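What you see is a predicted model, and the numbers here were worked out from it, not measured in a lab. Every chain is numbered from 1 and lettered A, B, ... according to where its sequence line falls, protein lines coming before strand lines.
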Amino acid sequence: MPELPEVEVVRRSLSKFINGQKIKKVHIFNRNLRYKIDKNLKIFVENQKVISTKRKSKYLLIELSNNYIILLHLGMTGKIFILEKNTTHKTSFYYDNFFLKKHNHFSFEFNKSKKIIYNDVRKFGFVKILKKSEVKSSSHLRFLGPDPLSGKFKNEYLKNKLSKTKKSVKNFFMDQKYVSGIGNIYANEILHLSSINPRKKTFKIKKKLIPYLVKNTKLILKKSIKYGGSSIKDFKGISGKKGDFQEEFKVYEREGLECKKRGCNGKIKKIYISNRSSFFCPKCQSN
DNA sequence: AGGCATGTTACAGG
DNA sequence: ACCTGTAACATGCC
């Protein structure tokens with residue numbers, strides 16, 4: 001499910017739900033994730049209050065009152081479910097339903113009728129507990145480039161990096177050390193909006209186009225967040241709500257269909273770049 | 001049945 | 001050193 005917009009959508013609702021709350025109980029159902037869940041998770045987390053819920057790239061960082069951080073990555077299929085009983089509307093429906101679901105890995109209980117569950121079909125996600133002071137230098141966050149929605153991702157930065165690498169522009173946008181948070185879907189969409197061929201080598205990109213690339217990157221990601229993220233396969237927000245940005249896809253998964261750009265009637269093509277499916281319009285992305 | 005899938009990481013080879 | 005392709009991880013969907 002999760003690239004930057006989906007993780008941000010999750011973060012926003014999660015932070016409303018858990019910030020300021022004390023985690024009374026941790027349950028571990030299945031320790032097998034990308035990294036085996038640390039048995040000590042319980043010890044560090046139980047009886048701590050949630051101070052903040054932040055996002056860095058595709059990672060979620062839950063800050064606790066004991067100066068530890070829960071570092072969470074959703075991998076491809078990680079989901080967080082909110083379970084709240086005694087509410088009049090839909091959330092109560094999810095309560096019993098999701099508790100019995102397959103692929104639950106762990107849960108945090110705030111009180112008898114309020115918990116969150118981490119569920120991950122493909123087990124590519126992980127959860128780690130780190131000292132606050134060690135987070136930035138951790139192997140996961142250490143080499144991350146700027147968040148594309150931050151002020152650091154601007155024309156000069158992109159110009160500088162694009163000129164110094166020989167990758168295809170699509171691989172560049174998916175490379176977390178240059179820009180962090182963009183994956184396959186949004187890389188495709190950003191390049192289409194910017195009329196740039198995904199195979200184009202970064203150093204060959206016209207300098208003139210760089211401000212558009214920066215602008216379009218931010219635009220696509222923000223728009224997706226506004227739509228609640230993309231629900232391909234089965235991404236859902238934490239109380240079970242679907243995102244709608246997939247309706248806005250201009251190229252992703254649109255092989256053979258007509259290009260949606262105004263005045264362009266090209267046919268979307270699917271190719272593989274570094275083994276990842278890539279979609280583009282040969283007519284308006286011939287650059 | 002086989003190919004494909006939103007992510008990350010390691011390795012081989014050019 | 002940089003880049004690409006391949007594979008691995010685990011599971012489900014078409």
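Across the strands present, dT4(C) finds its partner in dA12(B); the criterion is a Watson-Crick or G-U wobble pair with both atom distances under 3.5 angstrom.
For the OP1/OP2 pair of dT6(B) and a distance below 4.0 Å, the side-chain nitrogens and oxygens of R276(A) include at least one atom meeting the criterion. Listed pair N184(A) / dT6(B) meets the phosphate criterion, a side-chain N or O lying under 4.0 Å from OP1 or OP2. Distances shorter than 4.0 Å separate none of the side-chain N or O atoms of K58(A) from OP1 or OP2 on dT6(B). Between H103(A) and the phosphate of dA10(C), there is no side-chain N or O to OP1/OP2 separation shorter than 4.0 Å. OP1 or OP2 of dC3(C) has at least one side-chain nitrogen or oxygen of T165(A) nearer than 4.0 Å. Residue Y252(A) places at least one side-chain N or O under 4.0 Å from the OP1 or OP2 atom of dT6(B). Side-chain nitrogen and oxygen atoms of H73(A) include at least one within less than 4.0 Å of the OP1 or OP2 phosphate oxygen of dT8(B). Regarding contacts with the backbone of dG7(B), every side-chain N or O of S57(A) stays at 4.0 angstrom or more from both OP1 and OP2.
Within the structure, the side chain to side chain donor-acceptor pair (under 3.5 Å) test picks out the following pairs touching residues 146-158 of chain A (sequence neighbours left out): R55(A)-D147(A).
Judged by atom type and distance alone, R34(A) reaches the base of dT8(B) through a side-chain donor-acceptor pair under 3.5 Å.
dG7(B) has its base stacked against the ring of F124(A), the centroids being under 5.5 angstrom apart at an interplanar angle below 30°.
Nearest nucleotide to the V121(A) side chain, out of dT11(C), dT4(C), dT6(C): dT11(C).
Using a 4.0 Å heavy-atom cutoff across all strands shown, N171(A) reaches sugar-phosphate atoms only and no base atom.
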